[in-house]
Amino acid sequence: MQTNWNPTSWKEFPALQQPEWPDVGESEAILKELATYPPLVFVNEIKSLQSALALATQGKAFLLQAGDCAESFLDHSAQTIQHKLKVILQMAVVLTYSTGVPVIKVGRIAGQYAKPRSSPIEKYGDLELPSFRGHIVNSEQPDFNSRIPDPSRMIQAYNQSGSSLNLIRSLTKGGFADLSKVHTWNQEFVSSSAEGQRYETVAFEIERALRFMAACGINLSKERVLQQVNFWTSHEALLLGYESALTRRDPASGKWFDLSAHTLWIGERTRDLNGAHLEFASGISNPLGCKIGPATTRNEVLGICEKLNPDRIPGRLTLITRMGADKITDLLPPLVQAVREEGHPVLWTSDPMHGNTFSSSGSGLKTRRFGVILKELKGFFEVHKDLGTWPGGVHIELTGENVTECLGGAEEVFEHELDLNYSTICDPRLNGRQSLDLAYQVAEMLI
Ligand code: PEP
Ligand code: CO
């Protein structure tokens, strides 16, 4: 941390992608109020996640980070959260088996409300509107009033994050995450999947492992480690006013933590070395992610490592690559080599979603192809295999619901079906079954 850093020192730097609140007095008053609210997460939890990520950096754990592109204020039922958690837990079991190491489960959840946009305006026919920036700022409804930034939404984002976290904590500690139960859900998926036979080998091996444990006298329904899981929260640290209002000094260590989530990431559009986002992130002690897109240079990657992790603490920094399926095998190796040569401990993960989005020619809806997403993951694993580095995790946009937003998968979604259940408010997500397809196919790549 630099000596002159403080939670609002980012204001001295250019801050991209910030809303223009119509009444600055009102937004300042709301931020002041937020600064008095209790934290959403606790420092000791953040430290546990940091230790788990340190193990992942050394190749002894794997990160599964997944959830919505943008959480919605209007889709906040217990059922939606439960379905999302369920699919992430199911994927984690498959990935634990295939990687042979613990899988760290991090949701894009309980705070993923702010969105960076490529353009400040959106067109609806002849109508030109300010862009939707996530429910923490405005509404996606295509009319001018709905697009006016409303700072009271920051209070709603805080409250909804708190209630999501409450449910997540009770589900993950209260029996929902029971390994035998998650395994049964996976068996049900495999037996009803068009690719069932292909996935059966992995499912059967997991079954054998569970039976082996039971035969050794381990009571699967009593063992706490098989009943409860740690589940961490994350979102993009985009809206700096909100993030700094939830940043508090830990009295024990004197360090600053952003207590809006366990870990935060910096997006592809806001990772400038001299910008406000890296300035803010450099002073908080949470583990951090940073997206790395196809235009990233060697100097930028090394600059990010130096700025965000000058003390070279393992687990502090995850680089989330999102190159595009056709580019990853060319673009990633020199960056991994540069980071290795400079001795930076980095956890490399793959976001195979954001480099592979396109608009469907028929409906104009934004979509992604399942096969192309897998291709980027395959490229990521190959690059790390060739270099002898650890492919430390995956970063996925998904939902547990039966949406039709991404094309392909074992129960193929076709282009003409996209509008059947296209409910995302931002990017297209894998549906529950496509997400499990992905986990089993990644397992095949890794075993
Ligand atoms: C995202 O993760 O939702 C996102 C906007 O990604 P990126 O910054 O990589 O474009
Ligand atoms: Co997205």
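Count residues from 1 along the sequence. Note that the coordinates shown come from a computational prediction; the quantities given were computed from them, not determined experimentally. For ligands, and for the atoms within them, numbers begin at 1 and follow the listed sequence.
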Visitor: Ring centres under 6.0 Å, that's the criterion: do F176 and W185 meet it?
Guide: yes

Visitor: Counting from 1, what ligand 1 atoms have a heavy atom of R269 closer than 4.0 Å?
Guide: 5 (C), 7 (P), 8 (O), 10 (O)

Visitor: Taking the minimum heavy-atom distance to atom 9 (O) of ligand 1, which of E236, R322, H354 ranks first?
Guide: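 Selected option, by shortest heavy-atom distance: R322.
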
Visitor: Looking only at the aromatic ring of each residue, does the gap between the centers of Y113 and F73 stay below 6.0 angstrom?
Guide: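 Yes, the ring of F73 comes within the 6.0 Å limit of the ring of Y113, centre to centre.
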
Visitor: Should E401 and R429 count as an ion pair when the cut-off is N to O under 4.0 Å?
Guide: no

Visitor: At less than 4.0 angstrom from any non-hydrogen atom of P116, what atoms of ligand 1 do you find?
Guide: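 Here the atoms of ligand 1 in question are 5 (C).
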
Visitor: Is the closest side-chain heavy-atom distance between S146 and N138 below 4.5 Å?
Guide: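 Not touching, per the 4.5 Å side-chain cut-off.
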
Visitor: Between the Co ion (ligand 2) and C426, is there an N, O or S atom separated by less than 2.8 Å?
Guide: no

Visitor: Give the numbers and elements of all ligand 1 atoms closer than 4.0 Å to a heavy atom of R108.
Guide: 1 (C), 2 (O), 3 (O)

Visitor: Do any nitrogen or oxygen atoms of E268 come within less than 3.5 Å of a nitrogen or oxygen of ligand 1?
Guide: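 Yes, at least one N or O pair falls under 3.5 Å.
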
Visitor: Rounded to the nearest 10°, what angle sits at the Co ion (ligand 2) between NE2 of H354 and OD2 of D427?
Guide: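 Taking the Co ion (ligand 2) as the apex, I get 90° for this pair.
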
Visitor: Any idea which part of K291 is under 4.0 Å from ligand 1, heavy-atom wise: side chain, backbone, both or neither?
Guide: side chain

Visitor: Hey, is K115 close enough to E140 for a salt bridge, meaning N to O under 4.0 Å?
Guide: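 Answer for the salt bridge query: no.
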
Visitor: More than 12 heavy atoms of other residues, nucleotides or ligands under 6.0 Å from CD of E306: is that the case?
Guide: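 Atom CD in E306 is crowded, with more than 12 foreign heavy atoms closer than 6.0 Å.
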
Visitor: Determine, for E382 against K378, whether the closest basic-nitrogen to carboxylate-oxygen distance falls under 4.0 angstrom.
Guide: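 K378 and E382: salt-bridged.
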
Visitor: Angle class for the F62/W390 ring planes (parallel below 30°, perpendicular above 60°, tilted otherwise)?
Guide: perpendicular

Visitor: With a cutoff of 4.0 Å, is M353 in contact with ligand 1, counting heavy atoms of the residue only?
Guide: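 So M353 does not count as touching ligand 1.
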
Visitor: Heavy-atom distances under 4.0 Å decide this one: backbone, side chain, both or neither, for C426 against ligand 1?
Guide: neither

Visitor: Does an N or O from D351, backbone or side chain, lie closer than 3.5 Å to an N or O of ligand 1?
Guide: no

Visitor: Nearest 10°: the angle subtended at the Co ion (ligand 2) by E397 OE2 and C69 SG?
Guide: 100°

Visitor: Please name the pair of heavy atoms, one in D272 and one in L16, separated by the smallest distance, quoted to 0.1 Å.
Guide: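 Closest heavy-atom pair between D272 and L16: OD2-CD1, 3.8 Å.
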
Visitor: Which ligand 1 atoms does G267 reach within 4.0 Å, using its non-hydrogen atoms?
Guide: 8 (O)

